[in-house]
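For reference, the structure is listed below as structure tokens.
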Amino acid sequence: MRCLALLVLLFLPHFAQAAASAPYVTPRDQVRLVSATNSATDGKLQLALQFKLAPGWHIYWKNPGDAGFPPAVSAAAPVTLGALDDPPPDYFLQDGIAAYVLSGEALLPFTASGISGDSLSVNARWLVCADICVPEHASFTLPLTGGASAEAGLFPAAPSIVPSPYKATLTPDGTLRLDGVGAQQVKAAHFFPGSASALVNSAPQTLGFGAHDLTLHLKLAGPAPARLTGLLELTDPSGRMQALAIATSPAPPAAHAPWWLLALAGGLILNLMPCVFPILAMKAAAFARMGGAAHAHIRREALGYTLGVLGSMAVLGGVLLGLRAAGVAAFWGFQFQSPIFVALAAWVILAAGLSMAGLFHLSMPGFIGRLPAQHSVLTGLLAVLVATPCTAPFMGAAIAAALAMPALPAMGLFLALGLGLALPILILAFIPALAAALPRPGRWMAWVQKLLSLPMFATCLWLGWVLFRQSGPLGLALLGLGGLLLGFSLARKPVFALLALVLLPFLPSAPAGASLTLPGAQPYSAALLAQLRAQHRPVFIDLTAAWCITCQVNERTTLEAAPVRDLFKDEHVALLVGDWTNRDPAITALLTASHRAGVPLYLYYPPGGAAAILPQILTPGIVKAALQG
């Protein structure tokens with residue numbers, strides 16, 4: 001019996017059949033698709049891309065670092081493929097560019113489901129780099145003939161990355177702390193973040209030890225997130241490396257206070273933006289119409305305005321946080337990516353402008369009409385509506401921090417932003433000396449109100465341009481028809497308002513096409529950025545949107561200015577523009593990696609250096625300092 005068992009063990013490998021595709025071969029690499037079994041079970045199969053890379057060449061980990069993009073696989077329906085399960089990466093630093101790479105031999109397992117038939121085809125693309133980068137792609141066909149797989153031994157019996165048994169925390173200054181790990185256990189450590197730009201990847205990571213913990217000092221690329229995920233490689237004194245998947249605990253409540261103050265300041269500055277200032281001036285003019293002595297009435301109106309601002313900001317923040325919790329990539333101003341919302345916003349602002357011009361008196365329907373100071377509540381709602389396409393200083397970082405916080409402190413941050421927006425009106429109402437200093441009411445007020453209606457009409461026209469960019473001529477025609485119907489409804493024929501709403505479902509959702517208004521610009525893509533970085537070209541990225549007023553102002557006053565264009569030319573800067581007017585996963589990924597909650601986002605990559613994030617309000621001097629600093 002023992003002899004029979006021995007013979008089985010000796011000859012079993014000869015009965016195993018190859019479960020691999022034909023290899024893709026270049027002087028740089030050899031790649032093939034392999035399988036752990038030779039037939040699918042319940043339509044599922046364990047697969048892997050096997051890379052054999054020539055000396056000096058590498059591919060990129062799932063987080064590539066400062067350049068490159070990771071391998072990706074796809075298959076025709078009904079087959080669905082899971083994510084690639086990358087092994088622990090190597091840290092690669094060259095000319096100030098830090099990347100997370102895989103070299104030598106690398107196996108990237110993944111699962112496939114929905115398989116039927118006796119073969120499977122999988123498409124793959126990857127970027128292989130040395131001194132140059134070469135994008136490669138191939139289609140692999142795997143025969144499924146049944147029986148044992150000769151490649152089964154390639155698949156590891158145990159995972160190479162295991163969940164960390166240690167509690168991990170991150171301090172605001174970027175110190176990663178692991179409890180329960182001492183100096184006698186660890187000789188070296190390196191952290192690889194899960195998101196592309198969580199860290200300044202080229203910065204050194206300083207290892208330290210406390211009485212009962214390990215500390216690794218990281219240089220954060222932005223504000224400390226509430227939860228940092230990634231891979232920590234620990235090397236013990238014998239040279240054995242252990243890869244731990246870690247996720248830090250949420251920041252303590254005290255760490256949220258600076259962000260609330262930053263949001264308050266951002267909301268306060270938002271009042272000076274061109275989209276919001278007319279609303280502020282309109283409310284101040286209304287206070288002047290009441291007369292400086294009507295303090296109680298002014299305070300009541302100010303509280304109504306604040307209620308409208310805070311209520312609408314809470315709704316906006318709740319929707320944004322809810323979508324994020326559901327896994328939807330939603331950012332500040334995301335609602336303007338919907339043509340339906342743009343059309344509704346345009347009609348609301350048109351109605352406000354017609355009311356300010358004196359063509360009709362706006363009355364409050366429903367529950368709003370039963371609130372005290374109901375007109376001020378509506379004005380507060382309007383202020384938030386026109387504020388969302390604008391971005392003030394401090395807002396980008398503060399809102400990005402909110403999206404990384406737990407729900408309760410995040411909602412507090414949105415309310416702090418709303419309080420900052422309402423603060424000038426509150427100050428004006430609750431300091432009697434300021435209210436008394438307002439000019440006395442008179443006939444001049446009617447002219448001021450009509451003058452303030454002009455920015456409302458201009459905003460409506462601008463939203464029409466945005467809708468044209470999103471939906472083309474048909475969308476613009478439907479918007480104009482709805483505006484006419486709305487005008488009839490304001491003339492005491494409310495049925496026409498309902499007809500205007502009927503037009504909304506007919507708005508086309510397909511974009512009319514991205515627009516590159518900056519001279520010499522190219523559309524942004526991660527692959528193009530990687531190629532330019534590999535060529536040691538300086539790169540300036542402008543992430544913009546037609547509905548972003550701050551973006552448009554920056555482009556007209558700075559990026560399109562002749563001195564800045566000449567500077568780009570003299571410094572041989574490649575200009576990439578990402579148009580986020582409509583949803584774009586590549587731009588969304590870059591916003592997420594940069595810890596920003598919306599556009600505008602300006603990034604400058606110097607040759608061989610890490611990306612620098614420029615302020616959201618640009619001047620030619622700021623651009624010059626970034627390029628020549």
Side-chain angles (χ1 to χ4, degrees), residues 253 256-284 286-287 298-324 330-336 341 345 348-349 352 367-368 371-430 459 548-550 597-598 616:
H256 302 321
W259 294 113
W260 292 334
L261 294 175
L262 200 64
L264 183 71
L268 184 61
I269 297 175
L270 196 60
N271 286 282
L272 302 178
M273 305 303 288
C275 44
V276 182
F277 184 75
I279 305 294
L280 180 65
M282 178 179 69
K283 200 63 199 167
F287 286 174
I298 289 176
R299 285 195 295 269
R300 189 163 57 250
E301 293 293 324
L303 290 174
Y305 175 80
T306 303
L307 176 63
V309 169
L310 293 180
S312 52
M313 193 63 74
V315 170
L316 178 61
V319 171
L320 190 57
L321 293 173
L323 290 174
R324 300 279 290 195
F331 294 81
W332 181 257
F334 73 98
Q335 65 273 29
F336 280 89
F341 183 87
V348 169
I349 292 172
F367 76 96
I368 296 180
L371 290 174
Q374 60 268 24
H375 285 86
S376 290
V377 172
L378 183 65
T379 306
L381 295 171
L382 184 63
V384 173
L385 174 67
V386 300
T388 46
C390 286
T391 303
F394 314 129
M395 276 184 58
I399 295 176
L403 297 179
M405 291 179 182
L408 190 59
M411 184 56 70
L413 193 145
F414 279 103
L415 292 177
L417 180 62
L419 182 61
L421 183 61
L423 196 57
I425 296 299
L426 288 173
I427 291 174
L428 185 63
F430 282 85
T459 301
C548 170
I549 294 180
T550 308
Q616 292 178 311

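Bear in mind the structure is a predicted one, so any value in this text is a computation, not a measurement.
When every heavy atom of Val386 is checked against every heavy atom of Cys390, the shortest pair comes out as O-SG, 4.4 Å. Residues Leu270 and Val276 approach most closely at O-CB, 3.3 Å, considering heavy atoms.
Between the side chain of Trp260 and the backbone N or O of Leu415, no donor-acceptor pair lies under 3.5 Å. Ser376 places a side-chain N or O within donor-acceptor distance of the main-chain N or O of Glu301, the cut-off being under 3.5 Å.
Going from atom CG of Leu264 over to atom CD1 of Ile269 covers 10.0 Å, rounded to the nearest 0.5 Å. Within the model, atoms CG of Leu417 and CG of Leu262 stand 10.0 Å from one another, a figure rounded to the nearest 0.5 Å.
Ring pair Phe336/Phe341 is perpendicular by interplanar angle, where above 60° counts as perpendicular and below 30° as parallel.
Considering only heavy atoms from C-beta on, Asn271 comes within 4.5 Å of Leu421 through its side chain. Taking 4.5 Å as the limit, some side-chain heavy atom of Phe430 sits within range of a side-chain heavy atom of Leu303. No side-chain heavy atom of Thr306 sits less than 4.5 Å from a side-chain heavy atom of Ile425. By the 4.5 Å heavy-atom criterion applied to side chains, Leu426 and Leu419 are counted as neighbours.
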Enumerate donor-acceptor pairs with a distance under 3.5 Å from any side-chain N or O in residues 307-323 to protein atoms, sequence neighbours excluded.
unit_1 : atom_1 : unit_2 : atom_2 : d
Ser312 : OG     : Gly308 : O      : 2.7
Ser312 : OG     : Val309 : O      : 3.1

